[in-house]
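This report refers to the structure that appears directly beneath it.
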Amino acid sequence: MSPVRVYDTLTRQSHTVSARDGQSVTVYCCGPTVYDVPHAGHARSAVAFDILVRHLRARGHAVKYVRNVTDIDDKILTRARERGEPPLELSRRMTTVYQDQIAAVGCTAPDVEPRVSDHLPEIFALIERLIEQGAAYTVDMPGDTRDVYFSVRKFQGYGKLSRRRIDELIAGARVEKDETKQDPLDFALWKGAPEAEWGWQSPWGHGRPGWHIECSAMSAKYLGHGFDIHAGGMDLIFPHHENEIAQSEAAHPGEGDFARCWMHNGFVNVDKEKMSKSLGNFVTVSDVLERNDPEAFRWFLLTVHYRGPIQFETAQADAGRVTFPGVDEAERRVDYMMQTLLRLDRAAAEGGGGGAPPAEVQRATAAVSASREAALAALDDDLNTPVALAELGEIAKVGNELLDLALRRRKDAAFAAAAAGFAAKTASSLREVAAVLGLLRATTAEYLVRTRERRLRLRGLSADTLDEAIAERFAARQRKDFVRADALRDELSAQGIVLRDGPEGTEWSVEP
RNA sequence: GGCGCGGUAGCCAAGUGGUUAGGCAACGGUUUGCAAAACCGUCAUACGUCGGUUCGAAUCCGAUCCGCGCCUCCA
């Protein structure tokens, strides 16, 4: 087991991850409120903490990973009314879309993915406990319902995560005056609703849970009070996580901190602005997956450290089609890695031989090994994925370099055998590091076929007509009519088709 | 007003006291009929500005300019 250090938002210091119970590291991640399809920000958050879980496991830690789905919320109700769809049907549908798309970008499913609608009893129990502790109070509402609010001022530690003081929050002036609450800062644990409205029967009458209570209830159920890591987007620091701490610690007096470490991922900005509904610049996961390979999207997300902001640039291609140049660039890197893997696999299939490898092969083997170590060490240091990707690239480069050399020395049987052995080891290192990053999951064949098909479709091309042009060019080359052959190649090139003439014939690929 | 993040070569982006980040683009080379791919090299003695600490600062301290986020629903 190797120590993995992460930045803790609460202490603002590096925190060495460990399992409190000495068994498994317990991680709770705030998942989506499922009122719409997931956007790039959801993907970024899911990917960031997927890397955390994968890397902890790669380093020998057992991990219990919980990520919730918030399927009861006013936004869901509003959207469901607009669509004339029952709210839980909408949220179930969106949950499935979320799970499918997040899986598509290479995230392993959490061990537990609890839904709020399945945990009303736990929520009732927690709220009752808070009322008993004097941390929460009920307010009679019209009809036969009551609201329940949390008394922020009764919780001493309020503001410790977001570094805010209660008085400053009020000075912030955007706190609404609300006669039903004892204090404007108090937040709802339970909100009463008319019988006719979407809701559940509770000890306080018909209604729905407040926004924050579900995470306190569900994390306690699956991981217990004081679990190891609580994760989520930076925007959740206040008020969501601050309120979770207040609720959970008020409900468990004398039992220590709610979570031992807090991790938050940065935002996705679209064209320099924060992605938001009001700006109309939302990029959904399916927007990206229509245009780019899921591996490329994931690679792109990993080119920036998870805590920093990531810039999502958009551009207009031909016919007004929106493109994502940054993701296209990432896709070219994935192409490169896949081509390299293909080449290494082919070389490895030649079979290795015995005997001491030549000095060049020994040096290359050592370089691959060093990069493998460096990539994993980078992840140990607060999940430094940009450095890990650089080292992954280094492994590929060293692999290609040695295979180039082997090509020049193809008459040297001993060298070729050593190169084959090297290729097998290098491919395996590449796959090992990539696996921790959740990359290169597709086989090279799958990837090449699906990206080719997608790119042809985006460009409105068909493989049949291309095959004709390529055959015609091949014939021209055979009769040394290079003028004709080059003219055909230029035509194809203008359409984004790249040809590669080799001893085995001509291969072609499509630009991202 | 409060809290916080950032400004690193043409672009993207690591690095938080002393030896190469990396990628993309561009250009030169090896290779190729010419290309492409792959590899090598150049661009790169880059770190917003001004001062300070230090033998030594992109990195620490102070000031300052600029951009951005949160404080209301947000990943």
Side-chain angles (χ1 to χ4, degrees), chain A residues 9 12 29-33 35-36 38-49 70 73-75 78 98 102 159 162-165 167-176 211 231-240 242 264-269 272-278 282 299-300 303-311 313 325-326 328-330 332-333 335-336 339-340 343 374 378 381 384-394 396-405 407-408 477 480-483 485-486 489-490 493 497-503 506-509:
Chain A
T9 309
R12 311 219 173 170
C29 179
C30 280
T33 299
Y35 67 103
D36 206 342
H39 56 246
H42 290 111
R44 188 181 193 203
S45 179
V47 166
F49 302 118
T70 298
D73 182 271
D74 284 0
K75 287 191 294 299
T78 306
Y98 176 83
I102 293 305
S162 54
R163 312 237 160 173
R164 282 155 219 259
R165 283 181 301 160
D167 299 339
E168 285 166 352
L169 282 169
I170 291 170
R174 281 206 266 182
V175 179
E176 278 176 49
W211 173 32
M234 262 175 189
D235 48 347
L236 298 180
I237 294 173
F238 189 89
H240 185 56
E242 198 69 71
H264 293 96
N265 66 277
F267 287 116
V268 174
N269 294 329
K272 312 262 183 215
E273 285 182 304
K274 185 187 165 183
M275 199 165 68
S276 77
K277 299 259 155 155
S278 52
F282 248 65
W299 187 292
F300 170 74
T303 55
V304 182
H305 183 85
Y306 77 94
R307 281 192 285 114
I310 188 166
Q311 305 299 332
E313 305 292 334
D328 285 345
E329 188 180 321
R332 285 188 206 98
R333 290 299 287 167
D335 282 2
Y336 167 75
Q339 290 291 352
T340 302
R343 205 182 163 198
D381 184 14
N384 193 331
T385 54
V387 168
L389 287 180
E391 295 297 341
L392 197 64
E394 207 58 38
K397 186 193 277 191
V398 172
N400 279 312
E401 195 176 10
L402 194 101
L403 292 187
D404 279 0
L405 184 62
L407 205 59
R408 287 198 292 277
R477 282 188 80 220
K480 306 270 186 212
D481 182 357
F482 293 120
V483 174
D486 290 352
R489 186 175 59 199
D490 288 347
S493 168
I497 306 297
V498 184
L499 299 185
R500 229 184 293 184
D501 298 322
T506 297
E507 289 184 11
W508 60 274
S509 57

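What's counted below: heavy atoms across the whole structure, side chains too, no hydrogens, waters or symmetry copies. Below, chain A is the first sequence line, B the second, and so on; all start at residue 1.
Between the side chain of A:R44 and the base of B:A75, no donor-acceptor pair under 3.5 Å is found. Interface remark: the A:D486 side chain does form a donor-acceptor pair with the B:G33 base, using a distance-only criterion of under 3.5 Å. Put simply, the side chain of A:R489 and the base of B:C34 share a donor and an acceptor less than 3.5 Å apart. Taking only distance into account, the side chain of A:D74 never meets the base of B:C73 through a donor-acceptor pair shorter than 3.5 Å.
Between A:R343 and A:D404 there is a salt bridge, since a side-chain N of the basic residue sits under 4.0 Å from a carboxylate O of the acidic one. Under 4.0 Å is where a charged nitrogen must lie from a carboxylate oxygen, and between A:D335 and A:R332 no such pair does.
Looking at the side chain of A:D501, the nearest of the listed nucleotides B:G2, B:A75, B:A35 is B:A35. Checked against B:A37, B:G4, B:A75, the side chain of A:N265 finds its nearest nucleotide in B:A75. The side chain of A:E329 has B:C24 as its nearest neighbour among B:A75, B:C24, B:A13. Of the candidates B:A38, B:A36, B:A14, the closest approach to any side-chain atom of A:V498 belongs to B:A36. Comparing atom distances between the A:R164 side chain and each of B:C70, B:A75, B:A38 picks out B:C70 as nearest. Taking every side-chain heavy atom of A:E401 into account, B:C39 is the closest of B:C39, B:A38, B:A13. Between B:C73, B:A38, B:A14, one nucleotide has an atom nearer to the side chain of A:R343 than all others, and that is B:A38. In the set B:G23, B:A75, B:A13, B:G23 carries the atom at the smallest distance from any side-chain atom of A:R333.
With a 4.5 Å cut-off on side-chain heavy atoms, A:T78 and A:Y35 do not count as touching. Residues A:T385 and A:Y306 are not in side-chain contact: their nearest non-hydrogen atoms beyond the backbone lie 4.5 Å or more apart.
Pairing for B:A26 is with B:U42, a Watson-Crick or G-U wobble pair whose two hydrogen-bonding atom distances lie under 3.5 Å. A 3.5 Å limit on both hydrogen-bonding distances identifies no Watson-Crick or G-U partner for B:U16. Base pairing of B:U32 is not made with any nucleotide, judged by Watson-Crick or G-U wobble geometry with both donor-acceptor distances under 3.5 Å. Pairing partner, B:C3: B:G69, with both Watson-Crick or wobble hydrogen-bond distances short of 3.5 Å. Pair assignment for B:A63: B:U49, on the basis of Watson-Crick or G-U wobble contacts that are both within less than 3.5 Å.
Atom CZ in A:R307 sits roughly 12 Å away from atom C1' in B:G4 (whole-Å rounding). Summarising the geometry, the separation between CD on A:Q311 and P on B:A14 is reported as 11 Å, rounded to the nearest angstrom. Atom pair A:Q339:CD and B:A37:P shows a separation of 11 Å (rounding to whole Å applied). Distance, A:E391 CD to B:U20 C1': 11 Å, rounded to whole Å. Rounding to whole angstrom units, OH of residue A:Y35 and P of B:A75 are separated by 6 Å. Per the geometry, CG belonging to A:N269 stands 14 Å off C1' belonging to B:C12, to the nearest Å. A:F267 has its CZ atom 14 Å from the P atom of B:G6, to the nearest Å.
Dashed line: the shortest gap from a side-chain N or O of A:Y336 to OP1 or OP2 of B:A36 is not under 4.0 Å. Using a 4.0 Å cut-off, some side-chain N or O of A:N384 falls inside it from OP1 or OP2 of B:G15. The shortest distance between the side-chain N/O atoms of A:N400 and the OP1/OP2 oxygens of B:C39 is below 4.0 Å. Note on A:K397: every side-chain N or O is 4.0 Å or more away from OP1 and OP2 of B:G22. Not one side-chain nitrogen or oxygen of A:R477 sits closer than 4.0 Å to the OP1 or OP2 atom of B:A35. Note on A:R163: every side-chain N or O is 4.0 Å or more away from OP1 and OP2 of B:G2.
Contact between A:R477 and A:A485 at its shortest, heavy atoms only, is CG-CB, 3.6 Å.
Nearest-nucleotide mapping onto RNA chain B: of A:F49 and A:T340, the residue sitting toward the 5' end is A:T340. Nearest-nucleotide positions on RNA chain B for A:V387 and A:D235 put A:V387 closer to the 5' end.
With hydrogens and angles ignored, the 3.5 Å screen pairs no side-chain donor or acceptor of A:E391 with any backbone N or O of A:A374. With hydrogens and angles ignored, the 3.5 Å screen pairs a side-chain donor or acceptor of A:R44 with a backbone N or O of A:G266. With A:S45 contributing its side chain and A:H42 its backbone, the two residues share no donor-acceptor pair below 3.5 Å.
Comparing B:C55 with B:G41, their C1' atoms sit 35 Å apart, to the nearest whole Å. Straight-line distance between the P atoms of B:G17 and B:G23: roughly 25 Å, to the nearest whole Å.
Stacking of A:F482 onto the six-membered ring of B:G33 is present: less than 5.5 angstrom between centres, less than 30° between planes.
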